[in-house]
Amino acid sequence: MSEEVIVRFPPSPTGYLHIGGARTAIFNWLFARKHGGKFILRIEDTDAERSTEESIQGIIDGLTWLGLDWDEGPYFQSQFAHEHKQVAENLLKEGKAYKCFCTREELEAKRKKALKEKRDIKYDGTCRNLSPEQIEEKEAAGMPYVVRFKVPERQGKIGYDDKVLGRIEKDYREIEDFVIMRSNGRPLYLLCNVVDDIRDRITHIIRGQDHMSNTIRQILLYEALGARPPVFAHMPLTLDLQKRKISKRTHGEVVSVQWYREMGFIPWALVNFLVLLGWNPGTDQEIFSREELIQAFSLERINKSNSVFNYRKGDPKFFTDPKAISINAHYLRTMPIEEIAHMIKDDFKKEGIWLDAYEGEKKKWFLSTLDLIRSRFHTLKDFARQGRAYFADDFEFDPKALKKNVLKRPELKELLPALASELEAVESWNLETTEDAVRKFAESRALKAGIIINGMRTVLTGQLKGPGIFDVMVAIGKDRVIARLRNTPNLFET
RNA sequence: GUCCCCGUCGUCUAGCCCGGUCCAGGACACCGGCCUUUCACGCCGGCAACAGGGGUUCAAAUCCCCUCGGGGACGCCA
């Protein structure tokens, strides 16, 4: 028996990769990696009007950024259009499908009527039993038709064993004769998807529960095509706080993978957060390395119930789900600092504070400074923003900090420059000598050290909070500390 | 309306299959405290849930039934 596992991620390129799609990709990817199988990327661009080159690239970039690698593809569904059509025509020839001449208007009217009468709105089978003569007549008259799949007339139920949901069954009589080919001759998703999955020898289909009602119909297609259906696993959906399905359209950038990149997320942190939405390892572990996650993952531990993406629009404190931020912050302060350095390089360049020396003679200083400040940051962006004063002289002062620590203490105007002069005498600039000098200075002026220390923090970094002041002094360096302290009087201007 | 799925702290969830170890565990968030002349980290502590109702049982979050609630699908979209 073959243990081969082949899964796929089949996005339709009608928008950027969003976190729901990313989560589906993650689950498939993990399953493939866990079983040494293949992960195929297939772009389902059948709906030509809505597919764009831009979103194809966006999806590929998003997956790449997340670190999800695929073994085959990207394939493009549109390239197999001929095959899809051939299959539809074969089904027609074999009597497993039929031509339906009902017009959209007729169908729409019937649907409305059924809804009004509170009946099931499935297709009534008007064209299912047309005689060859009738068909010929309608065709001769140039009437357009769609091809419908002829659901077998069988008693009882058809079903499958869902890896997440368990046994799912449906009565044959409740399945309508669904359309598999449009009147313009282009086959529909339901068919294309099955044909592609058969060709790609897909063994497991892991997708959202919103596809559940397609599954039974697709199993019918597998059967009609003489293929064995794959194993299905329908994952729970991700909803918003109002319990609506999340979508790019209604939620905007907060659900786009690209946005997390722009906001300074560590890609793996996003993967780690997303995988916990609807899955858990059965232990208390929540932070996983790539290897650990692959090892721990299983379809059996996917939840049945939908999860809520805890995001409040306009929340001043959390720009996305607080747990996502917390996981990101965790990685930020625990990852090897070299990796952090690598990830913020481009951002530093963009902010104009990158120095090549950070990878050369100043590397040690650079890494230890990043390490010093990272514990209070939430995103990679914070290094270049809140941490700017460590890497550049043109940094901004937090107005609140300035007011509280500096402006309210006019004596600092004189004190800090005086301290600067004292510091000039410090020979070897380190934690002990700087602390010693500062404390002696405070003592000599009969001042509480806290006033000096808090004032210095703001004058040196522009911030209200930060690492211990002597660490800051060492990180920023003697010359710059003295210069910034001497600049204090200017802060009282304006 | 019809069909399908689901329902444990505010959120993510453990426990449910195989009833007692659960006056329900963890994480995030929130609130205290310790540490720190700041803040964060770290550590300690707190708040907070079995949707409701009936059964079955010595015993139910766990099994059965009903109700309610939420979601999905019902396209010549994917």
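Letters go in sequence order (proteins before strands), and every chain restarts at 1.
- Counting non-hydrogen atoms of other residues, nucleotides and ligands closer than 6.0 Å to CD of E396(A) gives a total of 12 or fewer.
- Looking at residues two or more places apart in sequence or on another chain, you find a side-chain contact (heavy atoms from CB on, under 4.5 Å) between M263(A) and W259(A), F319(A).
- Not counting sequence neighbours, the partners of F101(A) by the ring pair (Phe, Tyr, Trp, His ring centres under 6.0 Å) test are Y145(A).
- For C58(B), the paired base is G20(B) (Watson-Crick or G-U wobble, both distances below 3.5 Å).
- Across all strands shown, H211(A) has heavy atoms under 4.0 Å from base atoms, whether or not it also approaches the sugar-phosphate.
- In this structure G42(B) sits in a base pair with C34(B), meeting the Watson-Crick or G-U test at under 3.5 Å.
- The footprint of chain A on RNA chain B, defined by a heavy-atom cutoff below 4.0 Å, extends from G1(B) to A78(B).
- The separation of C58(B) from G15(B), taken at their C1' atoms, amounts to 23 Å, rounded to a whole angstrom.
- Every residue two or more places apart in sequence or in another chain that forms a side-chain contact (heavy atoms from CB on, under 4.5 Å) with R385(A) is listed here: E351(A), K381(A).
- In this structure E169(A) satisfies the side-chain contact (heavy atoms from CB on, under 4.5 Å) test together with K157(A), R167(A), sequence neighbours excluded.
- The side-chain hydrogen bond (donor to acceptor under 3.5 Å, both in side chains) analysis of residues 304-319 of chain A, with sequence neighbours excluded, yields no pairs.
- Using a 4.0 Å heavy-atom criterion, one finds that L276(A) contacts the sugar-phosphate atoms exclusively.
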